[in-house]
A.B. asks: 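Please find one structure pasted underneath; my questions will follow.
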Amino acid sequence: MSLQPVKIGLLGLGTVGGGTINVLRRNAGEIARRAGRGIVVVSAAARDPGKARSLALDGIRVAGDANAIVADPEVEIVCELIGGIEPARTLVLAAIARGKHVVTANKALIALHGNEIFAAASRKGVMVAFEAAVAGGIPIIKAIREGLSGNRIQTVAGIINGTCNYILTEMRQLGGDFQDVLAEAQRLGYAEADPTTDIDGIDAAHKLTILASIAFGIPLQFDKVYTEGIGRVGVMDIAYAEELGYRIKSLGIARHGGDGIELRVHPTLIPKRHPIAGVEGVMNAVLVVGDAVGPTMFYGRGAGAEPTASAVVSDLVDVVRAMTSDPENRVPHLAFQPDAISNIIVKPMEEVRTAYYLRLSAVDKPGVLANVTAILGSLDISIEAIIQKEPDKNANVVPVIFLTQRVVEKNMNEAISRIEALDSVRGNVFRMRVETLE
Ligand code: NDP
Ligand code: HSE
């Protein structure tokens, strides 16, 4: 290994930036044996360089201006670990314009501006690698883009937000208060700078956008993902689901049917016997079903400093290995050749078929359930199970839970608005979707 080490400029010295420095230092020998050259961070930027004092930065020049790192002629690979859209987008495009390769963990940036970024990178013949953008330490991008490239992929579904899974797990196991559990996820470095991005399902939708693109060969189209967060899931829903044999998980689901693609993120009841139901805490799991391989599952830490750094460093190794290769012969950014991307339609949510969990508060008197079941029946919605809980004597209402069979979402929307209009039903009907993942 007589070649000089490859020099990295790191933008961002937070959770992932700090983890990346640690992993590169600790495993320097193994990394160099794999890459064929050493990989060293020569300069780094943070808004407030003073805050990074706790990191082992010896030998790394730290700047407050990220542009200086991008412009540094010594830097061959720019590693963007700032997050968000701006200034990350401008910095990444500036690095590409200077002919530098880029590694990023920024799913928001790739989901929203990846089409532009990859086009710019292809014109310049540089690589933009983004393994850490989806499912933290799980090498799911590489698995789909390379390991499963012989397959027609039918489904990609799973737990792709560590913060939500951590919160749902803590709520079920300890009955913890939502805000306290979220604060703990933030302290552990799992949550985004704005944690509503996690809770509202937006972070998972960014990741699903990327997964769907590399699985089906479609453009990145974040605006087509149906997104619902976990904010309305109550401890009682988790308990009712358990009673019915299900566990609630926030799932990202991308499914290729004959008539279009489903792209959706929402809290979902899945059977307790399914392996994904046992994925707890910050762990992520992604199920990928291909026509040749059948179902495959990928499991690991979905967030946190070193698990994410594991993915960032694997990208650095990949880029170093391919730096001297002909750009035409590299793995395409989005798995499919850019001129072979297809425009298959993404189905509106109203046309998706799924089963449902409904929770409503009914006035405690005879005939109420008959009215609700009549509405469901009139819209071809078959009931799988009903449970009625003890009445709330103060409010004179009973919580009633329905599990239905699969039906097209527009029928369920109609049923819910008719049920909510009944005099004998109080407040809104709370709905979650149910998937068997079979
Ligand atoms: P942090 O908030 O911990 O770190 C962000 C870093 O970027 C800080 O050092 C911050 O500096 C610096 N920064 C912010 N704005 C600028 C700027 N304008 N110029 C220079 N530096 C700037 O974020 P994370 O490390 O958690 O996340 C980084 C990226 O990795 C995000 O895209 C995130 O989505 C992604 N990611 C995160 C995971 C995780 O588990 N945390 C997992 C997978 C991906 P300062 O502190 O001084 O403001
Ligand atoms: N906030 C993200 C999560 C980080 O909780 O999954 C990993 O992408």
Side-chain angles (χ1 to χ4, degrees), residues 9-22 43-55 57 62-70 78-92 103-113 130-138 140-141 158-169 181-182 184-208 210-211 230 250 252 265 279 281-286 300-312 315:
L10 215 59
L11 312 183
L13 283 170
T15 304
V16 184
T20 300
I21 288 179
N22 290 343
S43 53
R47 249 180 323 207
D48 174 3
K51 270 207 295 190
R53 236 177 268 130
S54 59
L55 297 170
L57 292 170
V62 181
D65 177 11
N67 291 294
I69 312 293
V70 172
V78 169
C79 195
E80 186 278 304
L81 304 173
I82 291 176
I85 303 302
E86 287 298 350
R89 173 182 160 274
T90 302
L91 290 163
V92 163
V103 170
T104 178
N106 191 334
K107 44 275 163 118
L109 182 67
I110 296 298
L112 272 68
H113 297 283
F130 52 96
E131 182 63 70
V134 181
I138 307 175
I140 190 67
I141 303 289
I159 297 171
I160 49 178
N161 184 272
T163 303
C164 285
N165 204 45
Y166 181 80
I167 292 172
L168 290 173
T169 303
V181 185
L182 171 59
E184 183 61 5
Q186 288 177 285
R187 193 188 64 75
L188 293 165
Y190 303 157
E192 295 303 300
D194 172 3
T196 57
T197 310
D198 296 295
I199 305 307
D200 293 347
I202 297 162
D203 175 75
H206 289 147
K207 293 165 177 168
L208 193 72
I210 298 170
L211 289 175
I230 60 164
S250 174
V265 171
V279 174
V282 73
M283 305 309 278
N284 281 193
V286 186
R301 284 184 188 276
E306 292 211 359
T308 312
S310 164
V312 170
D315 271 348

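Order of appearance sets the numbers: ligands from 1, and atoms from 1 within every ligand.
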A.B. asks: Please enumerate all residues that pass salt bridge (Lys or Arg N to Asp or Glu O under 4.0 Å) together with R89, with sequence neighbours excluded.
C.D. replies: E86, E116

A.B. asks: Calculate, to the nearest 0.5 Å, the distance between atoms CD1 and OG1 belonging to I159 and T169 respectively.
C.D. replies: 7.5 Å

A.B. asks: So do the side chains of N161 and S250 get within less than 4.5 Å of each other, counting heavy atoms only?
C.D. replies: no

A.B. asks: Among H206, K107, Q186, find the residue that satisfies the side-chain hydrogen bond (donor to acceptor under 3.5 Å, both in side chains) test when tested with E192.
C.D. replies: K107

A.B. asks: Can L11 and V92 be said to form a side chain to side chain contact (heavy atoms under 4.5 Å, CB included), step by step?
C.D. replies: CA-CA 10 Å; L11 312 183; V92 163; over 6 Å; no

A.B. asks: With sequence neighbours left out, write down each residue that passes salt bridge (Lys or Arg N to Asp or Glu O under 4.0 Å) with K207, or none if nothing qualifies.
C.D. replies: D203

A.B. asks: Pick out the protein N or O atoms lying less than 3.5 Å from any N or O of ligand 2, and list each pair with its distance.
C.D. replies:
unit_1: ligand 2; atom_1: 1 (N); unit_2: Y190; atom_2: O; d: 2.7
unit_1: ligand 2; atom_1: 1 (N); unit_2: E192; atom_2: OE2; d: 2.7
unit_1: ligand 2; atom_1: 1 (N); unit_2: D198; atom_2: OD1; d: 2.7
unit_1: ligand 2; atom_1: 5 (O); unit_2: G162; atom_2: N; d: 3.3
unit_1: ligand 2; atom_1: 5 (O); unit_2: T163; atom_2: N; d: 2.9
unit_1: ligand 2; atom_1: 5 (O); unit_2: T163; atom_2: OG1; d: 2.6
unit_1: ligand 2; atom_1: 5 (O); unit_2: Y190; atom_2: O; d: 3.1
unit_1: ligand 2; atom_1: 6 (O); unit_2: G162; atom_2: N; d: 2.7
unit_1: ligand 2; atom_1: 6 (O); unit_2: K207; atom_2: NZ; d: 3.1
unit_1: ligand 2; atom_1: 8 (O); unit_2: K107; atom_2: NZ; d: 2.4
unit_1: ligand 2; atom_1: 8 (O); unit_2: K207; atom_2: NZ; d: 2.7

A.B. asks: As an exercise, state the distance from CG of N165 to CD1 of I160, rounded to the nearest 0.5 Å.
C.D. replies: 11.5 Å

A.B. asks: To the nearest 0.5 angstrom, please state how far the CZ atom of R301 sits from the CD1 atom of I138.
C.D. replies: 11.0 Å

A.B. asks: Just how far is it from atom CG of D200 to atom CD1 of I202, taken to the nearest 0.5 Å?
C.D. replies: 5.0 Å

A.B. asks: Run through all N or O atoms in ligand 1 and write down each protein N or O closer than 3.5 Å, as a pair with its distance.
C.D. replies:
unit_1: ligand 1; atom_1: 3 (O); unit_2: T15; atom_2: N; d: 2.9
unit_1: ligand 1; atom_1: 3 (O); unit_2: T15; atom_2: OG1; d: 3.3
unit_1: ligand 1; atom_1: 9 (O); unit_2: L13; atom_2: N; d: 2.8
unit_1: ligand 1; atom_1: 9 (O); unit_2: G14; atom_2: N; d: 3.1
unit_1: ligand 1; atom_1: 11 (O); unit_2: R47; atom_2: N; d: 3.3
unit_1: ligand 1; atom_1: 21 (N); unit_2: R47; atom_2: N; d: 3.3
unit_1: ligand 1; atom_1: 25 (O); unit_2: T15; atom_2: N; d: 3.2
unit_1: ligand 1; atom_1: 25 (O); unit_2: V16; atom_2: N; d: 2.8
unit_1: ligand 1; atom_1: 34 (O); unit_2: K107; atom_2: NZ; d: 3.3
unit_1: ligand 1; atom_1: 34 (O); unit_2: E192; atom_2: OE1; d: 2.7
unit_1: ligand 1; atom_1: 34 (O); unit_2: E192; atom_2: OE2; d: 3.4
unit_1: ligand 1; atom_1: 40 (O); unit_2: G189; atom_2: O; d: 3.4
unit_1: ligand 1; atom_1: 40 (O); unit_2: G304; atom_2: N; d: 2.7
unit_1: ligand 1; atom_1: 41 (N); unit_2: G189; atom_2: O; d: 2.9
unit_1: ligand 1; atom_1: 46 (O); unit_2: K51; atom_2: NZ; d: 2.9
unit_1: ligand 1; atom_1: 47 (O); unit_2: R47; atom_2: N; d: 3.3
unit_1: ligand 1; atom_1: 47 (O); unit_2: D48; atom_2: N; d: 2.7
unit_1: ligand 1; atom_1: 48 (O); unit_2: R47; atom_2: NE; d: 2.9
unit_1: ligand 1; atom_1: 48 (O); unit_2: R47; atom_2: NH2; d: 2.9

